[in-house]
Amino acid sequence: MELRSRFGKGHNHVKRISAGLIVLLFTVLSGVAQQSAPPATLPPPTNEQSTEFLHTADEVLAEMSKLLSLPILSPLKKSLRSREEIRAYLVQKMNEDKDAGKRYADQKSMEKFGLLPKDYPLEQTLMKVLTEQIAGLYDPEGKEFFIANWNSDADVRMVMSHELTHALHDQHFHIDKWTDAAKPNDDAELARDAVIEGSAVAAMIDYILQGKGSIRDLGELDPSMMMGDPDSSPELAKAPKVIQDELLFPYVAGGTFTQRALKASSGWTDFHKVYENPPVSTQQIMHPDLYFQGVVPPKITLPETAGLIPGDWKKLDENNMGEFGLLEILKQYLAKDRSTSLAAAWSADRYAIFENQKNKRTLLIFRVRLGSDADAARFFGAYSEVLESKYDMRTTLMRRPNFFSFDTPEDGVFLRCVGTDCFVLEGGSRVVFDHLTLEMGWPGGPVVPVKPGEPRVKVTMFPMSPAMITDAGRPMRPTAR
């Protein structure tokens, strides 16, 4: 899978496929960030290229061109490479990536959502996983196809069919630019990546089935057949579940989506329509009928934070989790079936992650829209459990209808739902939370209970400039705790 979204946008994306019956395939799509140094390229092969290999590659390319109804528009560079050569290329690609800030923000977001342990060695793990079993690569930037020289003769053509599908799609649809057009929406990028990888999976299956039918004739694809043998990928097997899932999502869900698209049309001759009208969310990939019905997520916004969150807190990122991301959060703490049902009620979301530049504490705000009031009520109960599971040390717990909060050693955690929307703050104060919900037009929240004999809490409003006052009739924004 391409490491987009929570793993770092702009990263030199490295993808993986497990074809189940035969091999693991890796594909590299380099990022398009501006680089001061020349882009990574493989040096000339150390060994003379086999005439048989070159002939086979040309033959498979011609066969895929016919299968996909896409003419070959330009020559394609191709070579057999050793494991050491390909690994060195991947390392260089990753080192070239200039978007370290985005990668850092992604990791902090994943940690705050509870998807990764704090300070998890993510980059080291990804490098191990991505170089574990490389079989073939296609680089859209260099227009070059590489294949590992240790593949068996039986596997070579299958590897080629997958990678050369990328090459043909790149010649016609410019897959790097097409995927990057979804920026800065992480969820939408992952959806487009699922089209790229899923179509290559489907094309590979059709290539294998030539003369015996096509993927359009098969029943719904069994995801377990595409997962491969976990024992053949020990580094992937011991990686956090979210890494495993996001690596496989474009291939498994994308393959099912492509099959559905091919069945709903005349086949590969019509597949260009998906590139012309790309899916806009992982929800459309996970539920293809929503794509064909034109159901798109509504745009929702986060409340204004200027004046509420002090200047020593830096916003690292603001983005979308999508149904896939929400499902991953829920699965960390709830049963799979319950998580799947809850995530399917997702309608839209938006989150922002902030970091205190002095003590490196983080603050997360997360707004989720569900399909109905009843779905929001179910989500409230479930996400209350998620928050409790994430924080072992909780004090001053407060439960009210559609309102839940507690304190942690670092700061407060709050969850509230109104109508179809739920809003979460992790790492802030009740004062900040209340003003954020007022910004969204919500009514005041429940009163904080006061124990008998305790003095009532007096909230001090810090002086502010006129520019920090909201529209007439709206409250002033206090400073975050």
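Count residues from 1 along the sequence. In this text, all values refer to a predicted model and were calculated from it rather than measured experimentally.
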Gap between atom [atom2] of [Y] and atom [atom1] of [X] - 0.5 Å precision:
{"X": "Phe354", "Y": "Thr305", "atom1": "CZ", "atom2": "OG1", "result": "4.0 Å"}
{"X": "Leu168", "Y": "Asp170", "atom1": "CG", "atom2": "CG", "result": "9.5 Å"}
{"X": "Ile300", "Y": "Ser347", "atom1": "CD1", "atom2": "OG", "result": "8.0 Å"}
{"X": "Asp434", "Y": "Ser429", "atom1": "CG", "atom2": "OG", "result": "8.5 Å"}
{"X": "Leu116", "Y": "Lys241", "atom1": "CG", "atom2": "NZ", "result": "13.5 Å"}
{"X": "Leu436", "Y": "Leu302", "atom1": "CG", "atom2": "CG", "result": "9.0 Å"}

Side chain to side chain donor-acceptor pair (under 3.5 Å) assessment of Arg350 paired with Asn320: CA-CA 5 Å; Arg350 193 73 172 163; Asn320 304 80; 2.7 Å; yes
Min side-chain heavy-atom separation [X]-[Y] under 4.5 Å:
{"X": "Thr420", "Y": "Asp375", "answer": "no"}
{"X": "Pro250", "Y": "Val195", "answer": "no"}
{"X": "Leu387", "Y": "Tyr333", "answer": "no"}
{"X": "Trp346", "Y": "Thr282", "answer": "no"}
{"X": "Asn319", "Y": "Asp187", "answer": "no"}
{"X": "Asp245", "Y": "Leu327", "answer": "no"}
{"X": "Gln332", "Y": "Val242", "answer": "yes"}
{"X": "Phe324", "Y": "Ile285", "answer": "no"}

Is it true that atom [atom1] of [X] has more than 12 heavy atoms of other residues, nucleotides or ligands lying nearer than 6.0 Å?
{"X": "Asp337", "atom1": "CG", "value": "no"}
{"X": "Lys360", "atom1": "NZ", "value": "yes"}
{"X": "Glu220", "atom1": "CD", "value": "no"}

Sequence neighbours excluded, the answer for side chain to side chain donor-acceptor pair (under 3.5 Å) partners of Lys273 is none
Can you sort out the partners of Glu235 under side chain to side chain donor-acceptor pair (under 3.5 Å), two or more places apart, ordered by chain and number? none
Go through the steps for Asp349 and Arg367 under the test salt bridge (Lys or Arg N to Asp or Glu O under 4.0 Å), then give the verdict. CA-CA 5 Å; Asp349 78 87; Arg367 183 178 185 178; over 6 Å; no
Excluding sequence neighbours, so at least two apart, what forms ring pair (Phe, Tyr, Trp, His ring centres under 6.0 Å) with [X]?
{"X": "Phe113", "value": "Tyr351, Phe366"}
{"X": "Tyr391", "value": "Phe406"}
{"X": "Phe433", "value": "Phe414, Phe423"}
{"X": "Trp442", "value": "none"}

Looking at [Y] and [X], is any side-chain nitrogen of the basic one under 4.0 Å from a carboxylate oxygen of the acidic one?
{"X": "Lys102", "Y": "Asp317", "value": "yes"}
{"X": "Glu385", "Y": "Arg338", "value": "yes"}
{"X": "Asp206", "Y": "Arg216", "value": "no"}
{"X": "Asp139", "Y": "Lys143", "value": "no"}
{"X": "Arg103", "Y": "Asp106", "value": "no"}
{"X": "Glu355", "Y": "Arg361", "value": "no"}
{"X": "Lys112", "Y": "Glu426", "value": "no"}

Sole candidate of Met440, His435, Glu439 that passes side chain to side chain contact (heavy atoms under 4.5 Å, CB included) when paired with Thr437: Met440
Which one of Met286, Glu197, Glu328 satisfies the side chain to side chain contact (heavy atoms under 4.5 Å, CB included) criterion with Phe249? Met286
Heavy-atom closest pair, residues Arg378 and Ala345: NH2-CB, 4.2 Å
Going through the distances and angles, do Tyr275 and His169 end up as a ring pair (Phe, Tyr, Trp, His ring centres under 6.0 Å)? CA-CA 9 Å; Tyr275 276 96; His169 281 175; 5.2 Å; yes
Checking the side chain of Gln259 only, and the main-chain atoms of Gly255 only, is there a donor and an acceptor separated by less than 3.5 Å? no
Any luck finding a side-chain donor-acceptor pair between Thr125 and Tyr120 under 3.5 Å? yes
